[in-house]
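The structure under discussion appears below in the form of structure tokens.
All values reported here derive from a predicted model rather than from experimental measurement.
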Amino acid sequence: MKILIVEDNAFLAERISNWLERSDYAVDIAKNAEEANFFVGTSLYEGIVLDIGLPDKDGLSLMREWRKTGRDDAILILTARSNWSERVQGLNAGADDYLPKPFEFEELQARLNAIIRRKEGRSTNEIGVGGYQLNNDCRTLSTPTGEDHRLTATEFRLLQCFLRSPGRVFSQNDLVDLLYNIDRSPGNNVIQVYITRLRRLLGKSKIKTLRGQGYYFDPEEP
């Protein structure tokens, strides 16, 4: 999954990013509202960690603007403010959850996972489609024939994209955007290489190519 961290404390933002990247997230960091608007306008995110106290705009105002434009990203608010009424205000403004500072990184990750699951209508960290089960906790794939496969970080993130949106056509640019930080784009043929690896695990017919448009996972294909 790809996450945007909007936090003006560079040290804290980097620590959150490092923690999430160790758990196979792709992470971008914005230090103010202006940068955050640039990122959400140019990239796709499953979740946003948003600090309220930004230097150029209040985080709640920024979130309200996003919600008015129809953005439905899972948003976790961070704040050093302890007033319960401000937490209620943030939730009513469109936040999916609220985490006061200081916090434990394990709790931040758990809350982020929970709000993303709720957005997708899932109750667990497993994604099941067409007899395939992708376990987000241990990065394994179970096939309809009962085989279990341990995936690399990139294989896991790529398959996660397909299984979370079966039938959706992803262009190569879409997949690069979802899998990699904005400043760490891979070479031109990396996506094709990993598509080939996944086809070896799933069968060549499960991930289809739509000429000139991209790739999609076909849950109905045997």
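- With contacts defined as side-chain heavy-atom distances shorter than 4.5 Å, the pair Val6/Asp51 does not qualify.
- The CZ atom of Arg157 lies 12.0 Å from the CG atom of Leu175; values are rounded to the nearest 0.5 Å.
- In terms of heavy atoms, Arg164 sits closest to Ile127 at CG-CD1, 3.3 Å.
- Residue Lys101 forms a side-chain contact (heavy atoms from CB on, under 4.5 Å) with just one option from Leu78, Asn9, Thr79, and that option is Leu78.
- The backbone N or O of Lys2 sits less than 3.5 Å from a side-chain atom of Glu46, completing a donor-acceptor pair.
- Side chain of Asp177 to backbone of Leu44: a donor-acceptor contact under 3.5 angstrom is found.
- When side chains are defined from C-beta on, Leu158 does not count as touching Arg197, because their heavy atoms never get closer than 4.5 Å.
- Minimum heavy-atom separation, Leu60 to Gly90: CD2-CA, 3.6 Å.
- Note: the hydrophobic cluster containing Tyr216 does not contain Leu178 (ILVMFWY, side chain heavy atoms under 4.5 Å, direct or indirect links).
- Looking at Arg139, its side chain never comes within 3.5 Å of a backbone N or O of Asp24 through a donor-acceptor pair.
- For the atom pair CD1 of Ile3 and CD1 of Ile16, the computed distance is 11.5 Å after rounding to the nearest 0.5 Å.
- Of all the heavy atoms in Ser17 and Ile29, the pair that sits closest is CB-CD1, 3.8 Å.
- Distance check: Asn135 CG to Arg150 CZ gives 9.5 Å after rounding to the nearest 0.5 Å.
- Under the ring pair (Phe, Tyr, Trp, His ring centres under 6.0 Å) criterion, the residue pairs touching residues 18-55 are Trp19-Phe105, with sequence neighbours excluded.
- Taking each heavy atom of Gly94 and Met63 in turn, the nearest pair found is C-SD, 3.8 Å.
- In the hydrophobic clustering of this structure, Phe103 groups with Leu112; members are Ile, Leu, Val, Met, Phe, Trp, Tyr whose side-chain heavy atoms approach within less than 4.5 Å, directly or through other members.
- With hydrogens and angles ignored, the 3.5 Å screen pairs a side-chain donor or acceptor of Tyr132 with a backbone N or O of Leu202.
- Not one N or O on the side chain of Asp97 forms a donor-acceptor pair closer than 3.5 Å with the backbone of Ile115.
- One N or O on the side chain of Asp96 and one on the backbone of Ile75 form a donor-acceptor pair closer than 3.5 Å.
- Counting non-hydrogen atoms of other residues, nucleotides and ligands closer than 6.0 Å to CD of Glu34 gives a total of 12 or fewer.
- Judged purely by distance below 3.5 Å, without hydrogens or angles, the side chains of Thr152 and Thr154 never pair a donor atom with an acceptor atom.
- For the pair Glu35 (side chain) and Lys31 (backbone), a donor-acceptor distance under 3.5 Å is present.
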### Task
Take Glu65 and Thr69 through the side-chain contact (heavy atoms from CB on, under 4.5 Å) test and state the conclusion after the steps.
CA-CA 7 Å; Glu65 292 174 3; Thr69 64; 5.8 Å; no

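- Closest heavy-atom contact between Ile116 and Ala74: CG1-CB, 3.9 Å.
- Transitive grouping of hydrophobic side chains (ILVMFWY, heavy atoms separated by less than 4.5 Å) keeps Tyr215 and Val169 in distinct clusters.
- For the pair Asp8/Asn32, no side-chain contact is recorded, criterion being any heavy-atom separation below 4.5 Å from C-beta on.
- Atom OG of Ser61 sits about 10.0 Å away from atom CD1 of Ile52, to the nearest 0.5 Å.
- The side-chain heavy atoms of Leu151 and Leu201, taken from C-beta on, include a pair separated by under 4.5 Å.
- Distance alone, capped at 3.5 Å, is enough to place a donor-acceptor pair between the Arg199 side chain and the Ile207 backbone.
- Side-chain N or O atoms of Thr196 include one that pairs as donor or acceptor with a backbone N or O of Gln192 at under 3.5 Å.
- Connection of Leu141 to Val193 is not established within any shared hydrophobic cluster, with ILVMFWY side chains joined at heavy-atom distances below 4.5 Å, either directly or through further cluster members.
- Between the CG atom of Leu62 and the CZ atom of Arg67 there is a distance of 11.0 Å, given to the nearest 0.5 Å.
- Within a 6.0 Å sphere centred on CD of Glu104, heavy atoms belonging to other residues, nucleotides or ligands number 12 at most.
- When side chains are defined from C-beta on, Leu108 counts as touching Leu99, because their heavy atoms get closer than 4.5 Å.
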### Message
One pair to check against side-chain contact (heavy atoms from CB on, under 4.5 Å): Leu179 and Cys161. What are the steps and the verdict?
### Response
CA-CA 9 Å; Leu179 266 61; Cys161 291; 3.6 Å; yes

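- The nearest pair of heavy atoms linking Ala13 to Ile5 is O-CD1, 3.9 Å.
- In this structure the side chain of Glu155 never reaches within 4.5 angstrom of the side chain of His149, judged on heavy atoms.
- The side-chain heavy atoms of Leu134 and Gln160, taken from C-beta on, include a pair separated by under 4.5 Å.
- Contact annotation: the side chain of Ile48 approaches that of Val40 to within less than 4.5 Å [non-hydrogen atoms, C-beta and beyond].
- Between atom CG of residue Leu50 and atom CD of residue Glu7 there is a gap of 9.5 Å, rounded to the nearest 0.5 Å.
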